[in-house]
Amino acid sequence: MTNYSPKEIESKWQAAWENTQIHKAIDFDNKPKYYSLVMFPYPSGDLHMGHMRVYTISDVISRHRRMCGFNVLNPMGFDAFGLPAENAAIERKTHPKQWTQKNIDYMKNQQLKRMGTSYDWDREVVSCNSDYYKWTQWLFLQFYKNKIAYQKEAPVNWCPKCQTVLANEQVEDGMCWRHDDTLVERKMMRQWFLKITQYAEELLNDLDKLQGWPERVKLMQKNWIGKSVGAELAFSIVGHENLKIPVFTTRPDTAFGITYLVVAPEYSLISKLTLPENKDKVEEYIKKAGHLTEIERLAENKEKTGVPLGTFAINPFTNEKIPIWTSDYVVLDYGTGAVMGVPAHDERDFEFAKKFNLPIQQVISPDGLTRNLDEAFTASGIMINSGSFNGLSNEEGKIKITEHAAKNNCGSFRVTYRLRDWLISRQRYWGAPIPVIYCDSCGVVAVSENELPVLLPEEDIEFTGLGGSPLLRASDWLNTKCPSCKKNAKRETDTMDTFICSSYYYLRYADAKNNKEAFEKKKVNYWLPVDQYVGGIEHAILHLLYSRFFTKALRDFGLLNFDEPFTNLLSQGMVTMFSPKEGKIAKMSKSKGNVVGTSEFFDQYGADAARLFILFASPPEQEVEWSTQGAIGQYRFLERVWRLFFNLRENTSLFLFDKFIEINIEEPVLKDLYRVANYTIKTVSEDISKEKYTFNTAIARMTELVNSMYKFIIGKTSYNDIEKQVLSFSITNLLKLLAPFAPHITEELWERLSGSYSVHQQKWPTYDEAALITDEIQLVIQIGGKKIDVLTTKKGLPQKDLEIMALNQERVKLRLDGKELVKVVVVPDKIVNIVVK
RNA sequence: GCCCUUGUGGCGGAAUGGUAGACGCAACGGACUUAAAAUCCGUUGGUUUGAACAAAGCCGUGCCAGUUCGAGUCUGGCCAAGGGCACCA
């Protein structure tokens, strides 16, 4: 017997798989297709055990589905544009491209392949290569043509560390998502946006179609989209007969209680609406508000501030003059950028009115009475002080008031979303250039499709990190001719958010080498949607929302035929470990100083053991704490499998055997082993299915089978024919069941067992239903629901017999003495519960 | 503040409303060995009675109620931890 040497066999089989191309996905194959996808990584340079998890989960699924007879697409690529490469360039004076390429080579060959993953590398995509970003740019042009990409001047989030603007989704608690210590600043800038809000309703509604998504992810998206139903009311302005201020409200029922209006400091009409004598104060206020960081503006207990503009509006319901104010508690890009102030029934308005002594008019009451309010009354109630609407419930009032406003031309029903348009320009070099040219005579002109790609200039670029994007100084590149009038013009220097690249990579995999189009429609419609997507919860909104939006927009452009890109989603939990820096268990990451590298462990114990541990230690959605001790435990399990195999081969001339045993097995211990083997096939198959994905219990069941086999063979050196069959059956099927989890050791043992290649091309086993039937059961006897005794009896006895048997047990009799028997509940073959008084 | 999720041994975690703690880690004991490591076989929730390595009892799934013959599992309330949103009108 040789020793189990993972290092040797793992590299041997990795080479064999590559040479024989057994993981190739075939376009339009006869077998049913299965698209298994894992979120492609950013090539940061070094994967650690924390990264292993997602690839392992996805690989187990891919390998299992192949054995089940699917034509599996399991691709891999790199999300290769982005800031770290550029920052590395600034620090180390290398080019971002070289840095990125070096990292990709290392991750691909030294890490992903060594883990035993089964990717079809022929379909690799690298988003920073021009044969990929050409299509990123082409898609941008489609968005532009369809008026979904547009420019606007807007208050944007600026990260001083990234030196660029960020999308809303990329700001967390007022901090940059990449720098949780860096406050995002607010700036007014002219920027490129994608009109994701046009799809808000569909993005929300189609969440219901995503039966295979975790509820929490759908809920997060729902909250992010943030639909509110209400009304828009328009207010005339005293002295400006042709102007109106529209406001959005969810409480039109409180219209009679409006005592003022507030507009955002950035509101476009603000200077027009400001009286000369208020001008200085208002301008000063606007300036101050503009300088606040997001966190200061949103601070929870921040006292309300604001100044009056001096002009008045008319409340169309009461015909009263109400003052117009500006305050930073109103944000420009939600609703209409203006709100109606109803202090009696809104906490924020109440606070504002108290501070500035504005009138408070109660119009909703729980009991119909008016009283002095100490705080805003925000609950439901009856309408009062509301003219002809008095006495209505406020819910009815919402409808009646809006209808009334519509009739009088000062309002309508309206729905608003919290979702904002996606800001996609970035003031950085290492991204796909936005294919647009600025011409003094023609204005904004799109680069024509046959001029693509707009290549990133690579020569003579200096990375200093100062003075904005290096593209601003690449004069040969920057200065160009206008596509329409041929006069001198300048290129757009902003590049695209890298989330654009990752919003369609899963489509490109279907046709990765196509140099004529982004993808052939037929191929995309064949492979997509993705059957199983695996990735981290951190993309619950970001990448997953953007990709859903892309799919819907591309469908509307006629490029594909489906509504949702990812049918099933598995959000795996993070890998944690004790961090000495934080003094607690934390997500494994370089910055927290708690990473465990892959190479050392692979060298000593093998990728198979690492894969098993990471799957075994907890269910996939939960966190898992890395423990090298625990992983060694799985290495020991593999050694046990290895030794068991050679022990049996020496003593029983083990052979490939996967037929069911038809004759009745007499020997009870052997019969039980056969039952356990079949039970293992059943449960592992269930645990690995998409309804469960409980790889931890699947591995536990296989461990139990191995333990049972050890118990069976202990002290035995010779075996009869039927024993040889049962043992061969158990080993043959164990190797197949274990193959997706531990692909190398099973391949090696399979070759030794069968002399053939490959275990990964075997059919997934089925189990012998008859073997699972036992003729004895454990009957539990309870008194008042508490376990008293357990009897082993024949299966299928009548209820009455079980009851008599239970009542005759000594331990039962002892306890029933002097008590009154109320009733006996019998669950056949399971339990007898005796109820006493 | 609003919404969601999770609370089970020393630890990670198992349990279609029916024997709580599968499987693994750690710990301990035995066999093998000159010895150690490795391996194989066991023990391991707490507690009480008992001379006992015999045997038996009681308690136990965050806390308090409820439904049920029976609750880790279902319902309501509370506590704690984690996550999402947040001056969104």
Side-chain angles (χ1 to χ4, degrees), chain A residues 3 172-174 214-224 226-228 230-231 247-251 254 262 264 297-302 304 327-331 333-342 345-349 351-352 416-420 537-538 540-541 576 612-613 616-619 621-634 636-637 639-640 643 694 696-707 710-711 713-715 778-791 811 814 822-827 829-836:
Chain A
N3 287 325
E172 293 168 354
D173 281 333
E215 284 306 319
R216 61 171 171 159
V217 174
K218 288 193 274 185
L219 194 71
M220 279 162 75
Q221 292 214 353
K222 186 182 169 208
N223 291 338
W224 187 261
K227 180 177 182 174
S228 0
V247 303
F248 172 74
T249 179
T250 54
R251 296 295 306 272
T254 62
V262 199
R297 179 162 167 158
L298 300 180
E300 202 165 332
N301 294 321
K302 191 194 150 208
K304 293 271 181 293
S327 169
D328 62 5
Y329 87 89
V330 176
V331 297
D333 51 0
Y334 181 77
T336 63
V339 305
M340 59 189 215
V342 185
H345 305 291
D346 182 282
E347 282 165 22
R348 294 150 302 178
D349 297 348
E351 201 188 319
F352 192 78
T416 295
Y417 303 89
R418 212 189 63 93
L419 181 71
R420 311 289 159 85
I537 187 72
E538 66 274 16
I541 294 171
T576 63
L612 276 186
F613 172 74
F616 175 74
S618 76
E621 298 90 348
Q622 256 177 65
E623 287 183 3
V624 53
E625 190 186 343
W626 174 264
S627 149
T628 299
Q629 266 313 314
I632 292 170
Q634 294 304 314
R636 278 202 289 264
F637 166 64
E639 272 193 316
R640 267 165 79 79
R643 273 193 299 268
T694 48
N696 53 333
T697 49
I699 293 166
R701 294 294 90 79
M702 291 188 275
T703 309
E704 280 169 338
L705 174 59
V706 171
N707 290 347
Y710 266 91
K711 273 196 194 122
I713 65 166
I714 185 167
Q778 303 278 300
L779 183 74
V780 176
I781 299 170
Q782 298 182 330
I783 294 179
K786 274 190 198 166
K787 181 178 73 175
I788 301 302
D789 212 343
V790 183
L791 305 178
R811 310 167 76 152
L814 215 70
V822 178
K823 69 167 166 176
V824 181
V825 180
V826 182
V827 182
D829 292 339
K830 267 205 178 134
I831 212 158
V832 177
N833 189 13
I834 301 160
V835 187
V836 293

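None of these values were measured; they are calculated from a predicted model. Each chain gets a letter, A, B and so on, in the order its sequence line appears, and its residues count up from 1.
- Atom C1' of B:rA20 sits at a distance of 10 Å from the matching atom of B:rG45, rounded to the whole Å.
- For the C1' atoms, the distance linking B:rG84 with B:rC64 amounts to 29 Å, nearest Å.
- Between the side chains of A:Arg418 and A:Asn223, not a single donor N or O lies within less than 3.5 Å of an accepting N or O.
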What pairs of nitrogen or oxygen atoms, one from the protein and one from nucleotides 4-9 of chain B, lie under 3.5 Å apart?
none

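- A:Arg216 and A:Glu621 make their closest contact through NH2-O, 3.9 Å (heavy atoms, listed as atom of the first residue, atom of the second, distance).
- Using cut-offs of 30° and 60° on the angle between ring planes, the pair A:Phe352 and A:Tyr329 is tilted.
- Put simply, CD1 on A:Ile831 and CD on A:Gln778 are 12.5 Å apart, with the number rounded to the nearest 0.5 Å.
- Applying the salt bridge (Lys or Arg N to Asp or Glu O under 4.0 Å) test to A:Asp346 and every residue at least two apart in sequence or in another chain returns A:Arg348.
- Residue A:Trp224 contributes atom CH2, which lies 21 Å from atom P of B:rC2 at whole-angstrom precision.
- The shortest distance between side-chain heavy atoms of A:Thr254 and A:Met340 falls below 4.5 Å.
- B:rC79 and B:rC63 have their C1' atoms separated by 7 Å, with the value rounded to a whole Å.
- With contacts defined as side-chain heavy-atom distances shorter than 4.5 Å, the pair A:Val832/A:Leu779 qualifies.
- Here, B:rG46 and B:rA22 have their P atoms 13 Å apart, quoted to the whole Å.
- To the nearest 0.5 Å, atom CZ of residue A:Phe248 and atom OG of residue A:Ser228 are 4.5 Å apart.
- In terms of heavy atoms, A:Gln221 sits closest to A:Ala540 at NE2-O, 2.8 Å.
- Of the candidates B:rC69, B:rC40, B:rG13, the closest approach to any side-chain atom of A:Pro619 belongs to B:rG13.
- Among the atoms of the strands shown, none is found under 4.0 Å from any heavy atom of A:Ile537.
- B:rG13 takes the anti form, because its glycosidic angle lies more than 90° either side of 0.
- Rounded to a whole Å, the CZ atom of A:Phe613 is 16 Å from the P atom of B:rC11.
- In this model, the phosphate group of B:rG57 is approached by a side-chain N or O of A:Arg811 to a distance below 4.0 Å at OP1 or OP2.
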Secondary structure of RNA chain B in dot-bracket form (Watson-Crick or G-U wobble, distances below 3.5 Å, | marking inter-strand pairs): (((((((..(((.....[....))).(((((.......))))).(((((.....)))))..(((((..]....))))))))))))....
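- A sub-4.0 Å separation between OP1 or OP2 of B:rA89 and a side-chain N or O of A:Tyr334 is present.
- Summarising the geometry, the separation between NZ on A:Lys304 and P on B:rA89 is reported as 14 Å, rounded to the nearest angstrom.
- Of the P atoms belonging to B:rU6 and B:rC58, the separation is 34 Å, rounded to the nearest Å.
- For the side chain to side chain contact (heavy atoms under 4.5 Å, CB included) test with A:Phe616, the passing option among A:Ile699, A:Val624, A:Thr697 is A:Ile699; the others fail.
- In terms of position along RNA chain B, the nucleotide closest to A:Lys711 lies nearer the 5' end than the nucleotide closest to the other residue of the pair A:Lys711 and A:Asp333.
- Ion pairing of A:Glu639 with A:Arg636 is absent here, as no side-chain N (NZ or NE/NH1/NH2) approaches a carboxylate O to less than 4.0 Å.
- We find the CG-CH2 distance between A:Leu419 and A:Trp224 to be 8.0 Å, quoted to the nearest 0.5 Å.
- Rounding to the nearest 0.5 angstrom, the gap separating the CZ atom in A:Phe637 from the CG atom in A:Leu612 is 6.5 Å.
- In summary, of the residues considered (A:Ile783, A:Val822, A:Val824), a side chain to side chain contact (heavy atoms under 4.5 Å, CB included) with A:Val836 occurs for A:Ile783 alone.
- Straight-line distance between the P atoms of B:rG60 and B:rG9: roughly 14 Å, to the nearest whole Å.
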Close N or O pairs between protein and nucleotides 23-27 of chain B (under 3.5 Å):
residue : atom : partner  : partner atom : Å
B:rG24  : OP1  : A:Asn707 : ND2          : 3.3
B:rC25  : OP1  : A:Arg636 : NE           : 3.3
B:rC25  : OP1  : A:Arg636 : NH2          : 2.8
B:rA26  : OP1  : A:Gln629 : OE1          : 2.5
B:rA26  : OP2  : A:Arg636 : NH2          : 3.2

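- The CD-C1' distance, from A:Gln622 to B:rG83, rounds to 14 Å in whole Å.
- Heavy-atom nearest nucleotides on RNA chain B were determined for A:Glu625 and for A:Ile541, and the one closer to the 5' end corresponds to A:Glu625.
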Might you list the N or O atoms of the protein lying below 3.5 Å from N or O atoms in nucleotides 16-19 of chain B, with each pair's distance?
residue : atom : partner  : partner atom : Å
B:rU16  : O4   : A:Lys830 : NZ           : 2.3
B:rG18  : N2   : A:Gln782 : OE1          : 3.4

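- The CD atom of A:Gln782 lies 9.5 Å from the NZ atom of A:Lys787; values are rounded to the nearest 0.5 Å.
- Note that A:Arg640 lies in the cation-pi zone of A:Tyr710, set by a 6.0 Å cut-off to the ring centre and a 45° limit from the axis.
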Filtered N/O pairs between nucleotides 58-61 of chain B and protein, under 3.5 Å:
residue : atom : partner  : partner atom : Å
B:rC59  : OP2  : A:Lys786 : NZ           : 3.4

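- Atom pair A:Glu347:CD and B:rC87:C1' shows a separation of 10 Å (rounding to whole Å applied).
- Side-chain proximity of A:Lys823 to B:rC69, B:rA56, B:rG12: nearest is B:rC69.
- Across the protein-nucleic acid pair, A:Met702 atom CE and B:rA14 atom P stand 15 Å apart, rounded to whole Å.
- B:rC74 and B:rA14: their P atoms are spaced 15 Å apart (whole Å).
- For the P atoms, the distance linking B:rU75 with B:rC4 amounts to 13 Å, nearest Å.
- In this structure the side chain of A:Phe613 reaches within 4.5 angstrom of the side chain of A:Ser627, judged on heavy atoms.
- Atom pair A:Tyr710:OH and B:rC41:P shows a separation of 8 Å (rounding to whole Å applied).
- In this structure, A:Glu538 atom CD and B:rC85 atom P are separated by 13 Å, rounded to whole Å.
- Between B:rA89 and A:Ser228, a contact under 4.0 Å exists linking OP1 or OP2 to a side-chain N or O.
- The number of heavy-atom neighbours closer than 6.0 Å to CD of A:Glu347, taken from other residues, nucleotides and ligands shown, is 12 or below.
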